[in-house]
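Remarks on the structure that follows.
All chains are named by letter (A, B, ...) in the order of the sequence lines, taking the proteins before the strands, and each is independently numbered beginning at 1. Keep in mind that what you see is a predicted model, and the values were worked out from it rather than measured.
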Number of protein chains: 4
Amino acid sequence: MTVLDKRSAILDSAEVVFSTQAGAATIDEIAKAAGVAKGTVYLYFKSKDELFISLIEERIAAYMKKTQDYLAAAASIEDIVTFLVQLRMEFVVQHFGLLNVLFQAVVPGSAEAQDRIWTASQNAQKPFVEAINRVLGPNDAAMDPQTMVVMISGMADHLVSHRIWEDGFLDAQRSAADVLGFVLPCLRNVYPGR
Amino acid sequence: MTVLDKRSAILDSAEVVFSTQAGAATIDEIAKAAGVAKGTVYLYFKSKDELFISLIEERIAAYMKKTQDYLAAAASIEDIVTFLVQLRMEFVVQHFGLLNVLFQAVVPGSAEAQDRIWTASQNAQKPFVEAINRVLGPNDAAMDPQTMVVMISGMADHLVSHRIWEDGFLDAQRSAADVLGFVLPCLRNVYPGR
Amino acid sequence: MTVLDKRSAILDSAEVVFSTQAGAATIDEIAKAAGVAKGTVYLYFKSKDELFISLIEERIAAYMKKTQDYLAAAASIEDIVTFLVQLRMEFVVQHFGLLNVLFQAVVPGSAEAQDRIWTASQNAQKPFVEAINRVLGPNDAAMDPQTMVVMISGMADHLVSHRIWEDGFLDAQRSAADVLGFVLPCLRNVYPGR
Amino acid sequence: MTVLDKRSAILDSAEVVFSTQAGAATIDEIAKAAGVAKGTVYLYFKSKDELFISLIEERIAAYMKKTQDYLAAAASIEDIVTFLVQLRMEFVVQHFGLLNVLFQAVVPGSAEAQDRIWTASQNAQKPFVEAINRVLGPNDAAMDPQTMVVMISGMADHLVSHRIWEDGFLDAQRSAADVLGFVLPCLRNVYPGR
DNA sequence: AATGAATGAGAGTTCATTCAT
DNA sequence: GATGAATGAACTCTCATTCAT
């Protein structure tokens, strides 16, 4: 197992444990889940706070990486929004436990952790906002793109939370369709002619 | 101070402390904030978990109480949705610290606490769903009302979180208008003719 | 057992444990020795460092209390020096383990602890220095009183350390006589005519 | 770098680190300061305790080496005492951090370490005691030479500690003169005619 | 009913020591 | 010989909970 593998193993275990136990996750459990000793966790992360922040930041970075190519080529608002919803659903299927933590402000840990996580999650929305601005061109649209991205993200997240809790699983396809079925027609209202 | 007053004082202090300190809230702080001794908290709530659950359940109950009369008289989906959004914003202005905790699954405490809080927050949506069903009558609408309520709630919560973090305060009026400006036109698509 | 008793019990146990184990003393051992739970120690002292500093400061304060009346009445340098040596020996019989720590700069704990302990131990010498200055009156003596107090203290401490380690006990009477037998004759040299 | 060089490098670094950080010195820091890996320290010293003891013993051995020739030739008690005080001051200038540790019983580490260090420091006084005995010849002096060596060492050490803490540096010349100015006249009392 | 001193299990963190490379 | 990643026992400190008053 290489060094990177071990770091990843700890992060993966941390995700599972944080997701399962929320604020009650202990370093002991994370270490055990990763198959390493408690002290080893501290070789890779200088504190529990640091570990948690790294986990979120790394997951968000991976999420954002996927957006770049697509958004650069996106030609319409419908494209962008569709992509946003689908990507978010996909992300959630993989990282459900982190969802609430990721795109909400409730995080265990210090005030510094809350700030850094909030900043990271805001950054994750930027590429979408920028893509929309590019597509719109100079405009006087009724709703600023930032607000729209926030609202649509909220819809998706909430629906996912609801269905996973209710049903125990997520039909990402159908959920994305539900969100888009509601949202896409409206876009013509908000940004007419695009 | 009557018995009920003391219980309320503890709950109010608990809300302030939980909101301010998230997971780090201690019984000591709550007691001090309520002006009672630590032991007294345990006369009214059998554990910290119990106190937290009671807090959420009571706040949700108060929220739901407000809906009954209005929803019974509501005549259109637009009415209902408008009311949902405005009420939610108003609630948030009063209880922002609890928002994320209330309508998300991330809670400090035991698995039992998570379940009870989730159940309570789901119940809070029911009256809206029922009102919509009543207004719709027997129907084959494209989107089931439950899904719609969930999505709209998500939009509102997310926007609120975003703006409070970003700006440090919430313009409830404007935010409600932003959400409704986007949502109401959509409704005509989803439930045409209503 | 009153509150003050418990605080004293902890301090007494701390002295024994610190003296016996030097830097390796643990809160657990101190608590056990005092017959209280670990957490109780933290009711009375906010950290291990604080506990250690309080211990030293309190012992020095008790030591200084004994000096006041006597020094105010002391009429000659010989009186003062004799008192210094005897008091120091007596103190050491009661608090041997702390000796090295008390009047030397080697202390376990933070830099802040070192400073505060150093300051306290310096203050313990002041009354002697002042008394000597008073007795001397305005003068151009060969040796400043501060230096002399420091040196004589060093002699006494060192001798005590040596004999306790070597013999396992201290004959305070004899040791004081040894120090004074060496020192007193010289005083006539250093401060002639007094 | 030869094997001996590396051992020396570790000892030198250990001295710096022990002196600077008192009880908080870690093997990691010592290794880093010596430019070797942590594991390497264990090739030369079987434990941290062992390293610490070796450090003290080696410094004392070096100190004693300097005394042999001189003491063998010393012809009077004044010579010997003067040499004792000056050598001790000189030693302290080089090894101040270790002083308190060296000639006091406060040492980090096990009881065994305390014993061995105490023994070593006592041995360092022996050559002086023997030299004095030799110079005195068979005698019934008022004070046994052992006691006198101990007391004079204590004066010197204490004065040094005091001045370094107070002033931040040591004027060895002046301090030696202060001690000798006080002590030499006393000797004529204690050992008259020598 | 009300208190708050006392408890002790359990948390995060450190660091001497080991050992496969 | 030399390394440094890995270990886990042991530490300090916190805090939910209890109970004598």
Could you tell me how far apart Arg7(C) (CZ) and dA6(E) (P) are, to the nearest whole angstrom?
13 Å
With sequence neighbours left out, the residues meeting side-chain hydrogen bond (donor to acceptor under 3.5 Å, both in side chains) with Glu58(C) are Arg7(C)
Roughly how many Å is it from CD1 in Ile27(A) to C1' in dA9(F), rounded to a whole number?
17 Å
Could you tell me the separation between the CG atom of Asp28(D) and the P atom of dA6(F), rounded to a whole number of Å?
14 Å
At under 4.0 Å, does any side-chain N or O of Lys6(D) touch on OP1 or OP2 of dG1(F)?
no
Calculate the interatomic distance between Ile10(C) atom CD1 and dT12(F) atom P; express it in whole Å.
15 Å
For Glu57(A), what residues pass the side-chain hydrogen bond (donor to acceptor under 3.5 Å, both in side chains) criterion, not counting sequence neighbours?
Arg116(A)
Name all residues meeting the salt bridge (charged side-chain N to carboxylate O under 4.0 Å, His left out) criterion together with Asp115(D); count only those two or more places apart in sequence or in a different chain, and write none if there are none.
none
Nearest 0.5 angstrom please: Leu51(D) CG to Phe18(D) CZ, how far?
5.5 Å
Does dG1(F) have its OP1 or OP2 closer than 4.0 Å to a side-chain nitrogen or oxygen of Tyr44(D)?
no
With the criterion being N/O to N/O and under 3.5 Å, what pairs connect the protein with nucleotides 18-21 of chain E, and how long is each?
none

Return no unless some side-chain N or O of Thr40(D) is found under 4.0 Å from OP1 or OP2 of dT3(F).
yes
Residues in side-chain hydrogen bond (donor to acceptor under 3.5 Å, both in side chains) contact with Asn123(B), at least two apart in sequence or another chain
Lys126(B)
Any idea how Tyr63(C) and Phe91(C) line up, ring-wise: parallel (<30°), tilted (30 to 60°), or perpendicular (>60°)?
perpendicular
Roughly how far, to the nearest 0.5 Å, is CD1 of Ile56(D) from CD of Glu15(D)?
8.0 Å
Send over the distance from Asp49(D) CG to dC15(E) C1', rounded to a whole Å.
15 Å
Just how far, in rounded Å, is P of dT14(E) from NZ of Lys48(D)?
15 Å
Convert the base pairs of DNA chain E into dot-bracket notation, remembering that pairs crossing earlier ones are written with [ ] and that bases paired across to another strand are shown as |; include only Watson-Crick or G-U pairs under 3.5 Å.
.||||||||||||||||||||
Mind calculating the distance between CD (Glu29(D)) and C1' (dG4(F)) to the nearest angstrom?
17 Å
DNA chain F: 5'-proximal contact among Ser47(C) and Val41(A) (nearest heavy atom):
Val41(A)
Indicate, with a heavy-atom threshold strictly under 4.0 Å, whether Leu43(D) touches base, sugar-phosphate, or nothing.
base
What pairs meet the side chain to side chain donor-acceptor pair (under 3.5 Å) rule with one or both residues in residues 29-42 of chain A, with sequence neighbours excluded?
Gln21(A)-Glu29(A), Thr26(A)-Glu29(A)
Check the distance between dC11(F)'s C1' and Lys32(C)'s NZ and give it to me in whole angstrom.
14 Å
For Gln122(D), all residues meeting side-chain hydrogen bond (donor to acceptor under 3.5 Å, both in side chains), sequence neighbours excluded:
His162(C)
